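The sequence lines fix the lettering, A, B, ..., with proteins before strands; numbering per chain opens at 1. Note that the structure is a prediction, hence the values are computed from the model and not measured.
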Number of protein chains: 2
Amino acid sequence: MNNSMHPKEILRGHVTQIVSLTDEQFDHFFSRFTLKSYKKGQAIITQGAKVEHEYFVIDGYLKTFYINDDVKMFILQFAMPTWWASDYNALYNGAKATVGVDCITDAQVLCLSNADREKICSELHEVERFFRWRTNRGYVASQKRLLSLMNNDARLRYEELMAQYPALYNTVPKHLIAAYLGVSRETLSRLYHT
Amino acid sequence: MNNSMHPKEILRGHVTQIVSLTDEQFDHFFSRFTLKSYKKGQAIITQGAKVEHEYFVIDGYLKTFYINDDVKMFILQFAMPTWWASDYNALYNGAKATVGVDCITDAQVLCLSNADREKICSELHEVERFFRWRTNRGYVASQKRLLSLMNNDARLRYEELMAQYPALYNTVPKHLIAAYLGVSRETLSRLYHT
DNA sequence: TGTTTTTTGTGATCTATGTCACATCTCAGG
DNA sequence: CCTGAGATGTGACATAGATCACAAAAAACA
């Protein structure tokens with residue numbers, strides 16, 4: 001929970017990796033965002049509710065999850081600083097949320113409405129490019145995960161995840177990691193105790 | 001293998017669902033594409049090779065697949081007319097292909113190079129918007145599939161797939177459907193014979 | 001039209017994971 | 001400094017689905 005940089009700088013650094021905006025352009029872009037703080041455990045998007053915004057994580061960890069009829073939870077994404085999260089299906093299609101988003105730790109996020117995103121995308125070609133890039137990146141990551149799920153067993157998936165995001169090990173409870181890997185809590189526990 | 005519409009009309013119809021282009025703009029857009037024909041079984045992208053293009057399917061069926069070290073195949077996508085296919089990771093990052101694309105049936109595709117896509121995206125804001133939309137759609141579909149894979153058993157996944165794309169049933173061999181669902185050929189066979 | 005390949009079905013195992021049932025353990029809050 | 005809820009470990013057992021091994025249609029093709 002310690003990040004000395006200002007939210008604005010963090011977003012700027014993130015966007016600048018892909019497109020260059022003048023100070024005025026970035027100010028305009030940034031003006032559409034609202035900074036919000038949430039506490040550990042707090043819900044940002046609730047399954048079944050209307051979805052109006054997407055969220056850029058400044059600080060803390062979020063999770064994007066789905067709970068099925070058997071009250072079993074599956075995690076689609078752990079969102080860490082500089083990641084984006086929302087129910088993009090609901091957001092783009094005006095549908096009710098099928099996935100929820102909430103806070104694993106206290107968190108600070110920049111909140112952008114769907115309408116505002118579309119507006120700045122229209123106003124600034126560069127911003128549109130940025131969002132195209134961002135979505136593409138998400139798509140590629142999602143495909144990779146699909147492959148890993150079909151191809152690898154639980155242990156390998158676990159090792160991959162830990163290799164890529166070691167920070168998760170002592171930040172999020174194991175049963176959430178299990179829900180991300182698509183295995184039961186018990187199986188995950190057995191993985192690293194043998 | 002019978003599609004009376006001209007490739008150009010098909011692409012135009014597809015793009016127009018999302019953005020509106022003048023005739024001149026669309027002509028310019030279309031001029032970057034090359035029409036290619038492939039025969040059943042022919043490879044379009046080979047694992048390990050360089051990837052320069054993405055493909056818009058006019059006619060026929062493609063598959064996007066991954067073959068692991070045990071020579072086991074997993075199918076990421078069946079691409080049907082008006083769908084796009086490529087190894088987007090390789091394409092965007094200049095990496096070697098980790099997934100292959102080939103033809104399940106004879107096929108006609110419109111081929112667009114990465115460089116040309118970026119060029120027209122820069123030239124025409126509307127085209128950039130179109131590609132943002134397209135990728136977003138792919139992302140959402142991919143997330144949905146991830147969820148289905150974690151949540152549902154083989155039978156349910158099979159039924160979902162058949163409900164959504166009944167055409168697959170008598171177009172692609174069952175072992176490919178199995179490779180898409182992430183189950184063995186034998187298990188799939190048992191699913192609808194019991 | 002006869003002969004290879006592909007594709008598909010089915011039985012007999014084997015195995016990774018899920019499920020259920022408790023026992024700890026660890027903290028956050030009172 | 002308690003105390004109760006959430007987090008974790010572990011045994012026993014159940015099971016979906018994988019694998020292996022053939023057999024036999026069906027399709028490709030020469």
Side-chain angles (χ1 to χ4, degrees), chain A residues 1 38-43 60-61 63 65 67-75 78 102-107 147-162 168-194, chain B residues 1 38-43 60-61 63 65 67-75 78 102-107 147-162 168-194:
Chain A
M1 295 311 93
Y38 293 92
K39 279 184 298 182
K40 176 174 175 172
Q42 212 177 338
Y61 284 71
K63 67 172 190 280
F65 61 95
I67 294 179
N68 71 8
D69 302 335
D70 304 340
V71 202
K72 210 168 142 175
M73 173 193 292
F74 299 92
I75 293 183
F78 291 119
D102 65 21
C103 302
I104 297 181
T105 64
D106 289 357
L147 221 43
S148 165
L149 205 58
M150 298 206 283
N151 202 358
N152 306 141
D153 64 12
R155 162 162 270 126
L156 200 48
R157 297 204 300 278
Y158 170 68
E159 282 164 1
E160 270 178 13
L161 181 66
M162 286 304 117
L168 291 176
Y169 188 81
N170 26 245
T171 312
V172 325
K174 312 286 182 241
H175 71 272
L176 293 186
I177 293 182
Y180 178 91
L181 295 174
V183 296
S184 71
R185 207 198 92 228
E186 293 93 329
T187 297
L188 177 60
S189 168
R190 285 172 178 119
L191 284 186
Y192 40 70
H193 286 282
T194 38
Chain B
M1 296 312 93
Y38 292 93
K39 279 183 298 183
K40 176 173 177 173
Q42 211 177 339
Y61 284 70
K63 66 172 191 279
F65 62 95
I67 295 180
N68 71 9
D69 302 335
D70 304 341
V71 202
K72 210 167 142 175
M73 173 192 294
F74 299 93
I75 292 182
F78 291 118
D102 65 21
C103 302
I104 297 180
T105 64
D106 289 357
L147 222 42
S148 165
L149 206 57
M150 297 206 283
N151 202 356
N152 307 140
D153 65 10
R155 161 161 271 124
L156 200 48
R157 297 204 302 278
Y158 170 68
E159 282 163 2
E160 271 178 12
L161 181 66
M162 286 304 117
L168 291 177
Y169 187 82
N170 27 246
T171 312
V172 325
K174 312 289 181 234
H175 71 273
L176 293 185
I177 293 182
Y180 178 91
L181 295 174
V183 295
S184 70
R185 206 199 92 226
E186 294 92 328
T187 297
L188 177 61
S189 169
R190 284 173 178 116
L191 283 186
Y192 40 67
H193 286 282
T194 37

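Taking atom NE2 of residue B:His193 and atom C1' of nucleotide C:dG9, one finds them 7 Å apart after rounding to whole Å. For B:Tyr192 and C:dT10, the OH to P distance is 10 Å, given to the nearest whole Å. Rounded to whole Å, the distance from CG on A:Leu149 to P on C:dT17 is 11 Å. As rounded to whole Å, 14 Å separates atom P of C:dG18 from atom CG of A:Asp70. Separating the NZ atom of A:Lys72 from the P atom of C:dT17 is a distance of 13 Å, rounded to the nearest angstrom. Regarding B:Asn152, its CG atom lies at a distance of 15 Å from the P atom of C:dG18, rounded to whole Å.
Each of A:Ala154 and A:Glu186 lies near DNA chain C, and the nucleotide nearest A:Ala154 is the one positioned closer to the 5' end. Between A:Leu188 and B:Leu191, the residue anchored nearer the 5' end of DNA chain D, judged by the nucleotide with its closest heavy atom, is A:Leu188.
Between A:Ser148 and A:Glu160, the shortest heavy-atom contact is OG-OE1, 3.1 Å. The two atoms that bring A:Tyr38 and A:Cys103 nearest to each other are CB-SG, 3.4 Å, heavy atoms only. Smallest separation of non-hydrogen atoms from A:Met150 and B:Gly182: SD-CA, 4.0 Å. Closest of all the heavy-atom pairs between B:Val183 and B:Ala154 is CG1-CB, 3.4 Å. Between B:Asn68 and A:Asn151, the closest heavy-atom pair is ND2-OD1, 2.7 Å.
Judged purely by atom type and a 3.5 angstrom limit, B:Thr105 uses its side chain to pair as donor or acceptor with the backbone of B:Tyr61. A donor-acceptor pair is defined here as one N or O able to donate and one able to accept, closer than 3.5 Å; no such pair exists between the side chain of B:Asp106 and the backbone of B:Lys39. Counting only distance, with no hydrogens or angles, the side chain of A:Arg185 and the backbone of A:His175 share no donor-acceptor pair below 3.5 Å. A donor-acceptor pair is defined here as one N or O able to donate and one able to accept, closer than 3.5 Å; such a pair exists between the side chain of B:Lys174 and the backbone of B:Tyr169.
In the 5' to 3' direction, nucleotides of DNA chain D lying under 4.0 Å from heavy atoms of chain B begin and end at D:dG17 to D:dA28.
Counting atom types as modelled, A:Arg190 pairs no side-chain N or O with a base atom of C:dG18 as donor and acceptor under 3.5 Å.
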Discussion item. What does the B/S/- profile of nucleotides 25-30 of chain C look like, 5' to 3', with a 4.0 Å heavy-atom cutoff to protein?
Written reply: ------

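For the helix from C:dT1-D:dA30 to C:dG30-D:dC1, the end axes, each set by the C1' atoms of five terminal pairs, are bent relative to each other by 50° (nearest 10°).
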Discussion item. Assess the residue pair B:Glu159 and B:Asn152 against the criterion (side-chain contact (heavy atoms from CB on, under 4.5 Å)); give the C-alpha distance rounded to whole Å, side-chain angles, the decisive distance to 0.1 Å, and a yes or no.
Written reply: CA-CA 10 Å; B:Glu159 282 163 2; B:Asn152 307 140; over 6 Å; no

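Considering OG1 of B:Thr171 and CD1 of B:Ile104, their distance stands at 9.0 Å, rounded to 0.5 Å.
Backbone-only engagement by A:Gly182 is indicated by non-hydrogen atom pairs under 4.0 Å involving sugar-phosphate atoms exclusively.
Between A:Thr187 and C:dG18 there is a side-chain N or O to OP1 or OP2 distance below 4.0 Å.
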